[in-house]
Structures are given as structure tokens and as C-alpha cells.
Amino acid sequence: MSIEGNKFEPAAAHNLLALFVEYDWARIRDLLGVLQKDMKAALRTAVRQTGQWANREGARGLAKAANVPLHTLRRGLRLKFQYQSFKGGYSTARLWYGLNPIGLKYLGARQQKKGVRARGTTYKGAFISAELGGHAFRRVGKDRLPLEDVDFTIVEKGMAYLAEFDGKVAAKFVELFFAALDKAAGREIGESAAIAGGFNIARA
């Protein structure tokens with residue numbers, strides 16, 4: 001998983017086709033009795049569907065991991081899904097997560113003597129400013145100004161969650177790939193995977 005600023009890009013979603021190596025293709029194709037065009041079509045479908053799934057499930061998982069309601073998390077979460085099919089080649093998908101801090105006002109912040117309390121945490125020295133939209137701030141020095149924002153950060157928990165989610169994305173891709181092959185070959189769901197005999201096509 002690569003990290004750029006506060007953006008997280010699961011490696012499996014960055015280039016799902018990297019899960020395969022060239023000599024696996026021929027073996028899988030022969031085992032399943034499908035054409036190369038069927039393999040490419042299944043890949044395109046699996047890439048697109050995996051990106052959509054990761055976009056949806058990633059947001060839900062992050063909300064749970066960060067202990068933040070999903071509708072609130074979306075204020076700070078930035079999801080970006082890109083899908084591109086290259087002529088003469090295979091398809092790739094990118095899924096970016098931008099994990100931005102969430103204002104305490106959106107988490108039921110309450111002013112207390114020692115500071116502001118939200119989501120079970122007391123931010124000492126912080127105060128809620130009605131003049132500044134009800135957001136929480138803290139004085140940087142002894143003077144009234146300057147002020148610094150006091151927000152709920154999800155970067156650390158987000159990194160931990162995405163480290164595990166990366167593997168789930170890869171597993172989902174394999175599942176959807178075989179399902180697409182089942183549909184193309186007119187088989188029952190799960191038949192292609194069974195024929196392949198559990199052949200491990202996902203490689204770290």
C-alpha cells in the first residue's frame with residue numbers, strides 16, 4: 001500500500017492485474033477451457049466491479065474502524081475511483097482514500113470546564129466558538145490569537161484498516177473474476193473456481 005500525504009492507495013486496487021503472472025494465464029485458460037478474449041472480458045468486468053465494491057465497502061469499513069457514523073465520515077473522506085481500459089492491453093483500476101480530519105461539531109462536541117469532549121475524548125484547552133461556526137479551537141500561545149483547529153483525526157485508524165482491506169480487495173477481485181468467467185461460459189456460479197481447483201492466482 002502506498003501513501004501520499006493523507007491519501008491511501010491499496011496496491012491491489014491500484015493495479016489489480018499485478019495479482020497475475022504471465023505463466024498463470026495459460027494454465028488457467030487451459031483448465032477452464034476458455035478463450036483469451038473471454039479472459040480479458042472477465043478481467044474488465046472484475047476490475048470495474050471490484051472498484052465499485054471497494055468504494056462502497058471501504059467507506060463502511062473505515063467508518064466502523066474510526067468509530068464514526070458513515071454520514072459524518074463522508075465529510076472528511078475522499079473517495080476517488082478511476083477505471084481505464086487500454087487498447088491492446090488489460091484494464092486497471094485505482095481507488096484513492098483521502099482521510100481528512102473531521103470537525104468536532106459534527107461529532108456531538110460539548111463544552112466542558114477542561115475543554116471540549118467528543119466521541120469519548122476530552123480535548124483539553126479547547127473551546128467551541130459560536131462566532132466561528134460552532135467549531136472547536138485551541139489557542140496556540142497565551143494570547144487570544146492565533147488559534148488552531150481541533151479536529152477528530154482518522155489517519156492512524158485509517159492506515160490500520162486499509163492495511164487489512166488491501167487483502168480483501170484482492171480476494172474480491174479473484175471472486176468476481178471467476179464469477180465473470182462463469183457467466184461467459186454459461187456455468188453455475190462457482191464452477192470455474194472449482195474447475196481451477198483452488199489454483200492460487202493471487203500473489204503478493
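- Ile154 contributes atom CD1, which lies 7.5 Å from atom CG of Asn100 (distance to the nearest 0.5 angstrom).
- A search for side-chain hydrogen bond (donor to acceptor under 3.5 Å, both in side chains) contacts involving Gln111 returns nothing, not counting sequence neighbours.
- Residue Tyr123 comes nearest to Arg138 through the heavy atom pair CB-NH2, 3.8 Å, listed as atom of the first residue, atom of the second, then distance.
- What you find for Leu73 and Val68 is that their closest heavy atoms are N-CG1, 3.7 Å.
- Members clustered with Phe127: Leu132, Phe137, Leu145, Leu147, by chain and number, using a 4.5 Å side-chain heavy-atom cutoff among hydrophobic residues.
- Atom CG of Leu162 is separated from atom CG of Leu99 by 6.0 Å, given to the nearest 0.5 angstrom.
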Could you tabulate the donor-acceptor pairs under 3.5 Å formed by side-chain atoms of residues 114-121, not counting sequence neighbours?
| unit_1 | atom_1 | unit_2 | atom_2 | d |
| --- | --- | --- | --- | --- |
| Arg117 | NH1 | Thr122 | OG1 | 2.8 |
| Arg117 | NH2 | Gly120 | O | 3.3 |
| Arg119 | NE | Asn67 | O | 3.2 |
| Arg119 | NH2 | Asn67 | O | 2.5 |
| Arg119 | NH2 | Asn67 | OD1 | 3.2 |

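- Every pair tested for salt bridge (charged side-chain N to carboxylate O under 4.0 Å, His left out) that includes a residue from residues 150-165 fails, sequence neighbours excluded, so the list is empty.
- Counting heavy atoms from C-beta on, the side chains of Ile102 and Thr72 come closer than 4.5 Å.
- Qualifying side-chain hydrogen bond (donor to acceptor under 3.5 Å, both in side chains) partners for Arg139, counting only residues two or more places apart in sequence or in other chains: none.
- Here the CD1 atom belonging to Ile128 is positioned 9.5 Å from the CD atom belonging to Gln112, to the nearest 0.5 angstrom.
- Rounded to the nearest 0.5 Å, atoms CG (Asn55) and CZ (Arg60) are 10.5 Å apart.
- Nearest heavy atom pair, residue Ala136 against residue Leu104, reads CB-CD1, 3.8 Å.
- Between atom OG1 of residue Thr50 and atom CG of residue Leu43 there is a gap of 10.0 Å, rounded to the nearest 0.5 Å.
- Tyr161 and Gly61 make their closest contact through OH-CA, 3.3 Å (heavy atoms, listed as atom of the first residue, atom of the second, distance).
- The backbone N or O of Ala46 sits nowhere less than 3.5 Å from a side-chain atom of Gln49 that would complete a donor-acceptor pair.
- Arg74 and Ala59 get closest at one heavy-atom pair: NH2-CB, 3.9 Å.
- Under the 4.5 Å side-chain criterion, counting only non-hydrogen atoms from C-beta, Tyr106 is not in contact with His71.
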Tabulate below the donor-acceptor pairs under 3.5 Å that side-chain atoms of residues 169-186 make, not counting sequence neighbours, or state none.
| unit_1 | atom_1 | unit_2 | atom_2 | d |
| --- | --- | --- | --- | --- |
| Lys172 | NZ | Glu175 | OE2 | 3.3 |
| Asp182 | OD1 | Ser192 | N | 2.7 |
| Asp182 | OD1 | Ser192 | OG | 2.5 |
| Asp182 | OD2 | Gly190 | N | 2.8 |

